[in-house]
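Data first, discussion second: the structure below is written as structure tokens.
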Amino acid sequence: MKKNIAEIIKVSKEIYNKGLVSGKAGNISVKYNNVVAITPTLKSLSELNEEDIVLVDMEGNVLTKGRPSSEVNMHLEIYKKRPDVKAIVHTHSPYATGFSFSSKQLKRLEGFGEIKSPYLSSIEYEKPGTSELALSASEGIETEDVLILKNHGVVCVSDSLKEAMLLAIFVEESAKTQFITLMLNSVEDI
């Protein structure tokens with residue numbers, strides 16, 4: 001588990017430095033057997049230490065000191081529905097989150113696995129930290145690797161934390177490309 005905790009800290013800093021989260025937003029977790037290591041609530045991902053990472057069981061019981069992310073139930077529900085998932089990265093990356101606040105859908109671009117549907121899946125807004133969000137997100141990502149949370153952010157899942165992080169980066173870069181394309185297409189030729 002110590003290796004997983006070190007990886008969470010490294011990935012937390014990387015996604016913060018890449019601008020996928022800011023302030024005290026976003027959360028990351030890794031599942032190992034029936035224990036989940038998750039980032040804490042109300043602490044910036046840019047300044048985490050090993051003792052900040054909180055361990056919980058699959059029922060949400062805290063096994064160490066500290067308070068887990070307010071989205072702990074969303075992570076747990078996803079792990080319960082998806083035994084193949086071992087890591088979750090939840091970001092508020094600006095371009096992808098911008099799409100989540102708009103009526104535009106994010107296209108699923110080539111570069112990260114097979115394209116099974118033309119757009120990334122999304123769910124309607126549910127208040128952050130609620131059981132409603134946890135259930136809706138776990139159902140929305142049941143057969144997906146990325147889920148757009150309307151008016152909120154992005155959830156990426158994988159069998160490894162590195163892959164979930166790379167997917168979150170790819171989603172943001174895809175959103176940036178699509179945003180630029182929309183802006184250029186809206187400008188009249190001079």
Side-chain angles (χ1 to χ4, degrees), residues 7-8 10-30 38-39 44-46 69-71 74-75 77-78 82 84-130 132-134 136-189:
E7 189 179 18
I8 288 173
K10 179 181 175 190
V11 167
S12 293
K13 290 179 179 169
E14 189 160 347
I15 68 169
Y16 186 92
N17 290 335
K18 288 191 176 296
L20 301 184
V21 295
S22 61
K24 297 178 182 179
N27 39 74
I28 294 173
S29 70
V30 173
I38 190 165
T39 53
S44 173
L45 296 186
S46 69
S69 165
S70 61
E71 301 290 11
M74 179 177 69
H75 288 248
E77 287 300 319
I78 292 170
R82 295 281 305 272
D84 60 312
V85 169
K86 303 294 182 223
I88 300 171
V89 173
H90 169 43
T91 68
H92 297 177
S93 51
Y95 285 89
T97 301
F99 272 87
S100 85
F101 277 87
S102 78
S103 61
K104 304 285 185 202
Q105 289 184 291
L106 264 172
K107 292 179 183 176
R108 183 179 277 277
L109 301 181
E110 290 181 15
F112 216 95
E114 179 185 353
I115 297 178
K116 298 176 188 173
S117 59
Y119 297 100
L120 295 177
S121 291
S122 65
I123 58 168
E124 290 303 313
Y125 177 79
E126 297 287 354
K127 188 175 178 188
T130 62
E132 291 83 5
L133 175 60
S136 185
S138 68
E139 290 168 3
I141 205 161
E142 201 163 2
T143 60
E144 302 290 336
D145 53 2
V146 176
L147 183 65
I148 304 299
L149 309 177
K150 291 299 278 179
N151 303 334
H152 184 158
V154 180
V155 174
C156 297
V157 300
S158 186
D159 60 353
S160 77
L161 186 53
K162 181 178 180 184
E163 287 297 309
M165 176 195 69
L166 290 173
L167 183 53
I169 293 167
F170 183 76
V171 167
E172 180 64 0
E173 290 301 314
S174 296
K176 192 182 297 182
T177 298
Q178 290 175 60
F179 174 78
I180 292 167
T181 302
L182 285 168
M183 292 300 100
L184 289 172
N185 286 336
S186 70
V187 176
E188 290 184 29
D189 290 335

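The model shown is predicted, which means the values in this text are computed figures rather than measured ones.
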Using 0.5 Å steps for rounding, measure from the OH atom of Y125 to the CZ atom of F101. 8.0 Å

Candidate pair E144 and R108, rule salt bridge (charged side-chain N to carboxylate O under 4.0 Å, His left out), full reasoning: CA-CA 11 Å; E144 302 290 336; R108 183 179 277 277; 3.3 Å; yes

Residue K24 excluded, over 12 heavy atoms near NZ under 6.0 Å: no

Quick one: pull up CG in L109 and OH in Y119 and give me the separation to the nearest 0.5 Å. 11.0 Å

Flag, side chain of S136 to backbone of E132, donor-acceptor distance under 3.5 Å: no

So which atom in A96 and which in A175 form the shortest heavy-atom distance, rounded to 0.1 Å? N-CB, 3.5 Å

Side-chain touch H90/V154, heavy atoms, less than 4.5 angstrom: no

Report yes or no: do E172 and S93 form a side-chain donor-acceptor pair below 3.5 Å? yes

Decide yes or no on side-chain contact (heavy atoms from CB on, under 4.5 Å) for I78 and V155, but give the supporting numbers first. CA-CA 10 Å; I78 292 170; V155 174; 4.0 Å; yes

For side-chain contact (heavy atoms from CB on, under 4.5 Å), just list the numbers for L106 and Q178, CA-CA rounded to whole Å, side-chain angles, deciding distance to a tenth of an Å, and then say yes or no. CA-CA 8 Å; L106 264 172; Q178 290 175 60; 3.6 Å; yes

Main-chain N/O of S102 paired with K150 side-chain donor or acceptor, under 3.5 Å: yes

Inter-residue atom distance Q105.CD - S122.OG, 0.5 Å rounding: 6.0 Å

Which atoms form the tightest heavy-atom contact between V89 and A168, and what is the distance? CG1-CB, 4.1 Å

Below 4.5 Å, heavy atoms only, C-beta onward: do V171 and L120 meet side chain to side chain? yes

Please examine the side chains of V157 and I141, heavy atoms only from C-beta on, and report whether any two atoms are closer than 4.5 Å. yes

F179 vs L184, test: side-chain contact (heavy atoms from CB on, under 4.5 Å). Steps then yes/no. CA-CA 9 Å; F179 174 78; L184 289 172; over 6 Å; no

I'd like to check K18 versus I169 (side-chain heavy atoms, cut-off strictly below 4.5 Å). Are they in contact? yes

Ignoring hydrogens, what is the shortest heavy-atom contact between L133 and K127? Give both atom names and the distance. CB-O, 3.7 Å

Might you point out which heavy atoms bring G140 and S121 nearest each other, and give the distance in Å? O-CB, 4.3 Å

Just to verify, what does E142 make a side chain to side chain donor-acceptor pair (under 3.5 Å) with, not counting sequence neighbours? none

Does any non-hydrogen side-chain atom of I88 lie less than 4.5 Å from one of I38? no

Just by distance, with hydrogens left out, do H92 and T97 show a side-chain donor and acceptor under 3.5 Å apart? no

Side-chain ion pair, K176 and E173, N-O less than 4.0 Å: yes

Do S46 and S44 have side-chain atoms, one donor and one acceptor, less than 3.5 Å apart? yes

Validation row: Y16, V11 side chains within 4.5 angstrom (heavy atoms): no

What's the separation between atom CZ in F170 and atom CD in E163, rounded to the nearest 0.5 Å? 12.5 Å

Minimal heavy-atom distance between E77 and A134, with the atoms involved, is CB-O, 3.7 Å

Any V85 side-chain heavy atom under 4.5 Å of D159 side chain: no

Quick check for you: to the nearest 0.5 Å, what is the distance between S100 atom OG and L149 atom CG? 7.5 Å

Side chains of H152 and P128 in contact at under 4.5 Å (non-hydrogen atoms): yes

Can you tell me if K162 has over 12 outside heavy atoms packed within less than 6.0 Å of its NZ? no

Distance col, row I8:CD1 vs S29:OG, nearest 0.5 angstrom, shows 7.0 Å

